[in-house]
Amino acid sequence: MPIKFPFSRRAAPSDAWTKCPSCDAQVFNKQLERNQRLCPSCGHHFRMSVGERLDLLLDRESFEERDAGLEAVDRLGFHDDRPYDDRLEASRVKTGLRDAVVWGTGTIEGQRVAIGIFDFRFMGGSMGSVVGEKLARCFETALAERIPAIVVSASGGARMQEGTLALMQLAKTTAPLVRLDDAGVPFIAVLTDPTTGGVLASFASLGDVILAEPKALIGFAGARVASDTVGEEMPEGFQTAEFLLTHGFVDAVVPRPELRSSLARLLRLLPVAAVDDGAQTTPPERPWGPIGALSGLAERFGGAVSETIGIDVDQPPADGNGRTPAAEREEAR
Amino acid sequence: MPIKFPFSRRAAPSDAWTKCPSCDAQVFNKQLERNQRLCPSCGHHFRMSVGERLDLLLDRESFEERDAGLEAVDRLGFHDDRPYDDRLEASRVKTGLRDAVVWGTGTIEGQRVAIGIFDFRFMGGSMGSVVGEKLARCFETALAERIPAIVVSASGGARMQEGTLALMQLAKTTAPLVRLDDAGVPFIAVLTDPTTGGVLASFASLGDVILAEPKALIGFAGARVASDTVGEEMPEGFQTAEFLLTHGFVDAVVPRPELRSSLARLLRLLPVAAVDDGAQTTPPERPWGPIGALSGLAERFGGAVSETIGIDVDQPPADGNGRTPAAEREEAR
Amino acid sequence: MSDAQTIQRAGPPAPEAVEEAWSRVQLARHPQRPRTLDLIGVIFEGFFELHGDRTFGDDAAIVGGPATLDGVPVMVIGHQKGTDTESNILRNFGSPHPEGFRKAQRLMRLADKLGMPIVTFLDTAGAFPGPAAEERGQAEAIASSIKLMTGLQVPIVVVVLGEGGSGGALALGVGDVVLALENAVYSVISPEGCASILWRSRDEARTAAAAMRMTAADQVDLGVVDAIVAEPGEGAHTDHTATGKALRAAIISAMRRLSGRETAELLATRYARLRGLGAYLETGAASPARPEVPSLRRRIGRILHLPGVPRRPRWSEIWPSNDTDDDNERGA
Amino acid sequence: MSDAQTIQRAGPPAPEAVEEAWSRVQLARHPQRPRTLDLIGVIFEGFFELHGDRTFGDDAAIVGGPATLDGVPVMVIGHQKGTDTESNILRNFGSPHPEGFRKAQRLMRLADKLGMPIVTFLDTAGAFPGPAAEERGQAEAIASSIKLMTGLQVPIVVVVLGEGGSGGALALGVGDVVLALENAVYSVISPEGCASILWRSRDEARTAAAAMRMTAADQVDLGVVDAIVAEPGEGAHTDHTATGKALRAAIISAMRRLSGRETAELLATRYARLRGLGAYLETGAASPARPEVPSLRRRIGRILHLPGVPRRPRWSEIWPSNDTDDDNERGA
Ligand SMILES: [Zn+2]
Ligand SMILES: [Zn+2]
């Protein structure tokens, strides 16, 4: 599919400066780029392109993109004031991307991950078949290679132009997470501004750990819809990252300068479970389970222990009924 | 341990009539007994003895008590205004029971169950070591015989006179439920007036299905404690069966005359999972799982089907990417 | 695209397509259309409704419990709309709060424990979008419900009864076989919502309905629905019993076909079904769509950064941000 | 009773026992006693606190997250009391609401998924008894937390730090090894609560504390606690670092002993440990304690019912109700 490169839509002056939506300061774009797209006056987190996000999070030159060739198809023949194909092409031209997600493998402080990143500029980061397929492959690769999965979301939700095929991407991106659970492979969701609708109602709410950027808009229904529905104004701070933290749906709100190091710490603290014998279905005793993890544990702990504490968990005192734990264990079998 | 039979503590007139706490009517005791201990004026559910409860729920002469010989022991040497042993003996004399729970096997409309029943008269139905042990054995028998477990609770909570040994009965009565889950054996909790404290904070809240009798007091903390803590009056209907239904913790409030038939219906609708190969730990594919259930299903459904509906789930149409489900299945392996 | 003949060239929906789609939407929303509880009484025997999510509350917009289907115990779960103003208020017009989905999850886990097949009925305009639902995690509830269903070790037959409205429908809608009544609809967003975003007018709901191809027949074409169950006479609202009987036969047929499957095969096939949904082109291109950066300014910036030295560009140079974001095209 | 020498004859607690018990209670409640977060900093490295139950809220009365213990990743979860008025209000004095226990469950499931050992710290007067906690299922939250812990496929080491208060403590307290600091206490109900029910006066809390045998040493005697970790100087409040170091060694020792276990053995041993807790007499009697009914009236009633015919009595005749109930002896 040929990609056209039209002239820039904007004149030079407006290209050089951006007005901060939080503090109204005029920010020089070059400064934004040098400053992780944070407002120098108030710290407002501007949205990032997928390229900037990769630079922010991954080790230099570690990223290898996968499935770059996937492209959307207008399965429905969707046409509002213009055809879906035209919208796709406009977004491709604007962003240099084929769709709203780029995924691949890379390292964060040396730790290999499978990572998918949304770009909100591509049709509002909406999730259609390509986004769903890429994320499913991202998770499946994490499973196959036994490396953690990370998805950085920025999305208005499911892509209407693909109808229920877009809706079905909620299931397509969620189904692999069951397998990651069974296999002991962690998944970290990073919610950035905005993460709403069908993306929040699928994988993005299901991270083993969920991080969010400050003040990011995160919610299921648009605030306008919610407000219309109940006929009242939404409370202050409704659908922000901080609101979700208070209500128990986000583990931490992490300012952008700490995001990379936070992910690196989590990757070290939440390692992929120890052993993999390649079984696909849930095994009777998970092969990656404590046995493997603990034989390593035994080695680590081997020499460093005070023996003065008289714990003998193998032989606790017989209880008042005269049954020893060993006998109980026999009975329990 | 010798059981003494003192003279009745009450004179005849007060023995013959009881005042209904809901409507203040004076009810002739004989009438209460004939009427499932329901107030003839207002339907108030008076508490039942374990014997009356057995008569209410089980098929005539089907009950076989187990572990009738278990007796409490004063492990702590507990003494407030009188020794624990004296309290035990008084309750034994009053009730004819050795402790607050009777358990055994029996049938409900022909369906065999393991059932434990509390008697609130025995030290307020409090759960000490004997209650915990009996219920654990009840659950373990349900597991071993692959029959549903039912517990009818009426308890003030853990028995203080046994200290943390009573507290540990929360875990002792809960641990077997994990095994029932793994084995596909249902557990139905029936909450009667009152079910509070440590009994509610363990097995009684964990029924696959939870039924409750109308207006039964059901709550974690005493309403007085709750009120003292927050310095406000409790809302109307706080800690009733109906309150718990509204708040999602009870499946149904069932009037006593319907309790037996409701249990019988549930036993028919929620059968023990089909196959048992005796495995103790979670198997890779649970042997009692859909395979067994469904081979039966196939037989049942075999001849009764309209073939005019063209569902072919083995060969859904190829999707837009030209991959057949069979190919997907291969890849998924 | 391997299946090119099914792709239609884009154009505004034809008037007859608009008429067709909107008449289905109207039938799917018909006030006398049979609801989940109406049909349960015809299809199953001995339904015992269970209540509560064991966490927060009991949501009357979703009903569920065990019943038997031709004598076999199954777990039945569905959205429940009301039939008049009073019952619609009780049922919140069939739009669940998070506790509704969590109740459904609890019942599904129970079915999984006992090896009982599951039948679900979809009939909702969508999950309730109010602030209380947001506070209690509407998105999480839908997501975890979808996740749970993808992994249940029992067969699941899904029936789209009326409105299959977006995530709130899909939260009960992951299954091994998906049936739809003839006049049911299924969509990613309500036609009104779609119209107000893309056409900037709710009055274009009819057009949006046609554009989204939300009828049952369209859904079969897209692979989202496996089979259609014919409605009696002028529609299901004219004969609840006949509708229920037709559904009963279809559900039994689906169960019979699923009943031979071993668990591993059941799960692998369900997974493959979901993985196969969607349409995309696999070009095989290994590089980004746009091989060079578009702006002279940026190109100069790069040269200035390391003058004269060829280097691998940073990703942000390949895919830089625009400095304004265009929210117009975000989906629902 | 096979272990008869450990049974004490009942009598009011001796004054010195009362003094001893109460001094431990005071130390366990000492305002400068190290809290979970204080000790995590000494015992573990790199603690990353996670928040929220993914259902309703984030309860600051329970903290948790991954950390490393001597380089090995573990999941750490504990009650968190405050250190001054402000932080105590934030932490609700260490008394969790249901969402606190549900947060703990979520973190435990994550540990189970990843095969990470779990360390929990108990320090609460008890689960919060307010009406909001009741509405959201305080009892269910405790029960499901206990249930989850009994089945986790990873080793669990429990440490009683200060107050081990009833079900709210046990909800984090099911483990393979249970340690207690020297001045920690563990009880089925607070001494004040016990006194107000059994002695009908909260002023008898000291007596109740002694009667319940709630000191760490008593708990070892009862088999509830496996080992005591000595506190520095006058108590843990005098040296947080030394307390943490002693605990660190004890936890590592316990983990080392557990680390050789296979999963099935770990679970069987944990189950056996719980099944073994309690004291009762197995008399072997097969019949109820009282072989005949006590009241002449009832006996006559029975005879009248089937005159002259010997029959098996109904159970309600063997164990009839009294017509008044005695609430006085119910526990907490
Ligand atoms: Zn600013
Ligand atoms: Zn009355």
Side-chain angles (χ1 to χ4, degrees), chain A residues 3 5 18 29 47 49-52 54-55 68-71 73-80 83 92 96 98 121 123-124 126 129-130 132-133 156-160 163-168 170-172 174-175 177-178 197 200-202 205-206 219-221 225-226 229-230 234 247 249 281, chain C residues 1 8-12 129-131 134-135 137-140 142-143 146-147 150-151 167 170 174 186 188-189 194 198-199 211-213 222 224 264 271 274-275 277-290 294 312 314-316 318-323 325 327 329-332:
Chain A
I3 304 294
F5 297 106
T18 300
N29 287 339
R47 291 170 188 161
S49 74
V50 67
E52 289 162 338
L54 282 166
D55 287 339
L70 292 192
E71 280 192 7
V73 158
D74 182 19
R75 180 73 175 76
L76 270 57
F78 196 96
H79 188 290
D80 44 280
R92 287 183 191 123
R98 277 207 171 75
R121 298 168 305 151
M123 292 191 70
S126 59
S129 299
V130 170
E133 182 66 24
R159 188 174 296 171
M160 285 176 288
T164 50
L165 292 183
L167 180 63
M168 293 303 133
L170 276 66
K172 185 192 271 195
T174 297
L177 300 180
V178 176
L200 191 66
S202 59
S205 281
L206 299 172
F220 172 64
V225 176
T229 304
V230 299
M234 293 304 100
H247 289 281
F249 299 100
T281 51
Chain C
M1 199 68 208
Q8 308 180 1
R9 286 300 98 204
E134 291 277 349
E135 281 180 10
Q138 190 67 284
E140 192 283 338
I142 293 169
I146 293 170
K147 182 179 176 185
T150 66
L170 184 62
V174 178
Y186 204 170
V188 64
I189 183 173
C194 180
L198 292 184
W199 280 264
M212 288 197 292
R213 300 186 55 195
L222 294 171
V224 171
Y271 190 84
L274 299 175
R275 283 296 277 111
L277 288 169
Y280 53 86
L281 188 66
E282 186 128 30
T283 65
S287 58
R290 185 172 57 180
R312 179 168 164 173
R314 304 190 64 179
W315 289 99
S316 52
I318 299 176
W319 301 316
S321 283
N322 291 4
D323 301 316
D325 295 316
D327 288 26
E329 293 159 314
R330 76 159 96 162

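Everything quoted here is computed from the prediction, not taken from an experiment. Every chain is numbered from 1 and lettered A, B, ... according to where its sequence line falls, protein lines coming before strand lines.
Within the 4.5 Å cutoff, the side chain of A:E133 has heavy atoms near those of the C:R275 side chain. For the pair C:Y280 and A:R75, the minimum side-chain heavy-atom distance is 4.5 Å or more. Put simply, the side chain of C:L222 reaches to within 4.5 Å of the side chain of A:L76, judged on heavy atoms. Counting heavy atoms from C-beta on, the side chains of C:Y271 and A:V178 never come closer than 4.5 Å.
By the side-chain contact (heavy atoms from CB on, under 4.5 Å) test, A:A201 pairs with A:L170, A:F220, C:A139, C:I142, sequence neighbours left out. Qualifying side-chain hydrogen bond (donor to acceptor under 3.5 Å, both in side chains) partners for A:D55, counting only residues two or more places apart in sequence or in other chains: C:R314, C:S316.
Taking every heavy atom of both residues into account, A:L167 and C:G167 meet most closely at CD1-N, 3.7 Å. Listed here is the closest heavy atom pair of C:C194 and A:F78: SG-CZ, 4.3 Å. Residues C:V188 and A:M160 come closest through the heavy atom pair CG1-CA, 4.0 Å. Across all their heavy atoms, A:A171 and C:I146 have their closest contact at CA-CG2, 3.7 Å. Counting all heavy atoms, side chain and backbone alike, C:A143 lies closest to A:S205 at CB-CB, 4.1 Å. The heavy-atom pair separating A:F249 from C:G137 by the smallest distance is CZ-CA, 3.2 Å.
Rounding to the nearest 0.5 Å gives a distance of 9.5 Å between CD of C:E140 and CG of A:L200. Rounded to the nearest 0.5 angstrom, C:T283 OG1 and A:R98 CZ are separated by 4.5 Å. The structure places NE2 of A:H247 at 10.0 Å from CD of C:E134, a figure rounded to the nearest 0.5 Å.
Looking at C:L170, only its side chain comes within 4.5 Å of chain A, counting heavy atoms on both sides. Only the side chain of A:L54 comes within contact range of chain C, with at least one heavy atom under 4.5 Å from a heavy atom of that chain.
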Evaluate C:T150 against A:L177 for side-chain contact (heavy atoms from CB on, under 4.5 Å), listing each step before the verdict. CA-CA 9 Å; C:T150 66; A:L177 300 180; over 6 Å; no
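When each of A:V50, A:V130, A:L165, A:T164 is scored by its heavy-atom pairs under 4.5 Å with chain C, the top score falls to A:T164.
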